[in-house]
Number of protein chains: 2
Amino acid sequence: MHKKNPDIYFLSENNLPFSDFLHFGMSTDCVIFGYKDKSLRVLLIQRGAEPYLDNWAIPGDLVYPEEDLDSSADRILQHLTGLENIYFEQFHTFGRVDRHPVGRVITVGYYSLVRTDNHKPVASTWAKEVKWFDINELPPLGFDHEEILQKALANLRKKVRTEPIGFELLPEKFTLLELQGVYEALLNMRFDKPNFRKKILSMDLVTPLNEVESNVAHRPAKLFNFDKERYDARKKNEISFEL
Amino acid sequence: MHKKNPDIYFLSENNLPFSDFLHFGMSTDCVIFGYKDKSLRVLLIQRGAEPYLDNWAIPGDLVYPEEDLDSSADRILQHLTGLENIYFEQFHTFGRVDRHPVGRVITVGYYSLVRTDNHKPVASTWAKEVKWFDINELPPLGFDHEEILQKALANLRKKVRTEPIGFELLPEKFTLLELQGVYEALLNMRFDKPNFRKKILSMDLVTPLNEVESNVAHRPAKLFNFDKERYDARKKNEISFEL
DNA sequence: AAACTTATAGTACTTTTTACTTTAAGAAAA
DNA sequence: TTTTCTTAAAGTAAAAAGTACTATAAGTTT
């Protein structure tokens, strides 16, 4: 017999005891995006344990009992890339009853943007291999990770149209043509060069530096950096970034 | 002593047993939006149990062990409004370690749009009262529900600019001025009447009916309905709706 | 029938977007 | 050192979209 319990919000018709509801596992998965050679990439791991041994998968881990969700995502990112202050964003939570073969595990999906030139991800105990995959040449993935990855991509593509996050994929200093390449890879479309340039400059969010690119076999382009302070200040006044 | 376990993805440095990670409670909260008298409203409940007894809160419930997240949200919506096929959307998951006084409960936030003319929500065992609140006159809320509500609203306001979901707040048949009222309430801004009208008609997503509104003390406006089929067909070709 | 209210159509103007041309600046080859 | 090549960067014109406002139509109420 179940006695009536201090319910959370309400326990509906069934009067199950509170403890019956505390049997969920919780994980976070991080879809890590990078940009190289004019194409968008995703960092995947090859699993070193059951279930889905040897399958490629999105890096993730169980959430610790005393850990916030965002902290968990941050931990995974640092563990895998060795980088701090990576841009990441929660985008969707996946909880299908049968999504995990071992038990009822809910996973919170995050996506992240990293500067691929900054680091070399390394394999470790929990992953046989870590590798960048072109977004158009993905291997089959374990769990429901194909669904998760596609949803991450869809969310990123939406977000990138209204917020200046494309910069997160580039080094501090970049040329406008490099920026254009990022947006073309992200949105899978071409832009007219002069018009893209005009549009970006008119937003007044990139600052020209007194520096040009080097080691190129043609006229070197001017380098810019993103003025995050100006953007943040402007965001308060609800001015939006649209591409 | 903990023995090494079949980990999910990987258990990082600490080798805690699998069962140690299955102590999460899981709930869904539904921010239910409605529209009436030119203003946007939210349906809240007054809690009939601890914690936060008598506080106003967003309706929600624990997820059942064998229940999908979306099903859980749907159940709450039906329970509360008696309506089926309500539009709802997952928007964010809240998991701060101390967000719930009773234990580690993660909550998945949904928002929902309902036609307020269709139903009368009723109080029941788990809620002393159920009431619509104007979005600008909200009471203090229990838990982290103020944060959840504001995030729901922000998400809705973003979504409404790119997808034609405003219609979900209106009856099947509506006038263009009513539609304008919905968007003005949602986005908290005014539109020019002729221009709004022109824009909506140019999208070709509403169909004029051979009917006009009645019981108005002036020239009655033509009624329209939303052509969901046309929108769905067009969405496949990636044509977007922007206001 | 006159006055009033809102629907609905239309018009002129401004801003933004798009497509394309021209010139500039540096690197490499002849 | 001159020519050729490549990309940077500025400019221009036409088209489209957005904005502000005016005028007329079609009902209801007095």
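Each chain gets a letter, A, B and so on, in the order its sequence line appears, and its residues count up from 1.
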Within this structure, what is the [atom1]-to-[atom2] distance between [X] and [N], rounded to whole angstrom?
{"X": "B/Glu213", "N": "C/dT6", "atom1": "CD", "atom2": "P", "value": "11 Å"}
{"X": "A/Asp192", "N": "D/dG11", "atom1": "CG", "atom2": "P", "value": "16 Å"}
{"X": "B/Phe196", "N": "D/dG18", "atom1": "CZ", "atom2": "P", "value": "13 Å"}
{"X": "A/Lys38", "N": "D/dT7", "atom1": "NZ", "atom2": "C1'", "value": "12 Å"}
{"X": "A/Leu177", "N": "D/dT6", "atom1": "CG", "atom2": "C1'", "value": "12 Å"}
{"X": "A/Phe191", "N": "C/dA19", "atom1": "CZ", "atom2": "P", "value": "12 Å"}
{"X": "B/Ile200", "N": "C/dA7", "atom1": "CD1", "atom2": "P", "value": "15 Å"}
{"X": "A/Glu178", "N": "D/dT7", "atom1": "CD", "atom2": "C1'", "value": "13 Å"}

Could you list the protein-to-nucleotides 24-30 of chain C atom pairs, N/O on both sides, closer than 3.5 Å?
from, atom 1, to, atom 2, distance (Å)
C/dA24, N3, A/Arg219, NH1, 2.9
C/dA25, O4', A/Arg219, NE, 3.3
C/dA25, O4', A/Arg219, NH1, 3.3

Gap separating the [atom1] atom of [X] from the [atom2] atom of [Y], nearest 0.5 angstrom:
{"X": "A/Leu156", "Y": "A/Phe91", "atom1": "CG", "atom2": "CZ", "value": "10.0 Å"}
{"X": "B/Asp29", "Y": "B/Tyr110", "atom1": "CG", "atom2": "OH", "value": "11.0 Å"}
{"X": "A/Phe196", "Y": "A/Leu177", "atom1": "CZ", "atom2": "CG", "value": "9.0 Å"}
{"X": "A/Arg99", "Y": "A/Phe94", "atom1": "CZ", "atom2": "CZ", "value": "8.5 Å"}
{"X": "B/Thr107", "Y": "B/His145", "atom1": "OG1", "atom2": "NE2", "value": "6.0 Å"}

Would you please name every residue forming a salt bridge (Lys or Arg N to Asp or Glu O under 4.0 Å) with A/Lys173, sequence neighbours left out?
->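 Expected list: A/Glu211.
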Among C/dA19, C/dT6, D/dT22, the nucleotide that comes nearest once only the side chain of B/Lys193 is considered =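 Among C/dA19, C/dT6, D/dT22, the one nearest the side chain of B/Lys193 is C/dT6.
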For A/Asp54, the option from A/Arg47, A/Lys128, A/Gln46 that meets side-chain hydrogen bond (donor to acceptor under 3.5 Å, both in side chains) =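 Considering A/Arg47, A/Lys128, A/Gln46, a side-chain hydrogen bond (donor to acceptor under 3.5 Å, both in side chains) with A/Asp54 is found only for A/Lys128.
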Indicate yes or no: at least one non-hydrogen side-chain atom of B/Lys198 is less than 4.5 angstrom from one of B/Asn195.
->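 B/Lys198 vs B/Asn195: side chains touch.
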Ring geometry between A/Tyr183 and A/Phe167 (parallel below 30°, tilted from 30 to 60°, perpendicular above 60°) |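 Plane angle over 60°, so perpendicular.
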If you look at every strand shown and take non-hydrogen atoms under 4.0 Å, does B/Leu176 touch a base, only sugar-phosphate, or nothing?
->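 If one applies the 4.0 Å heavy-atom cut-off, B/Leu176 turns out to touch nothing in the nucleic acid.
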Write out a two-atom table: protein N or O, nucleotide N or O from nucleotides 11-17 of chain C, distance below 3.5 Å.
from, atom 1, to, atom 2, distance (Å)
C/dT11, O4, B/Lys198, NZ, 3.0

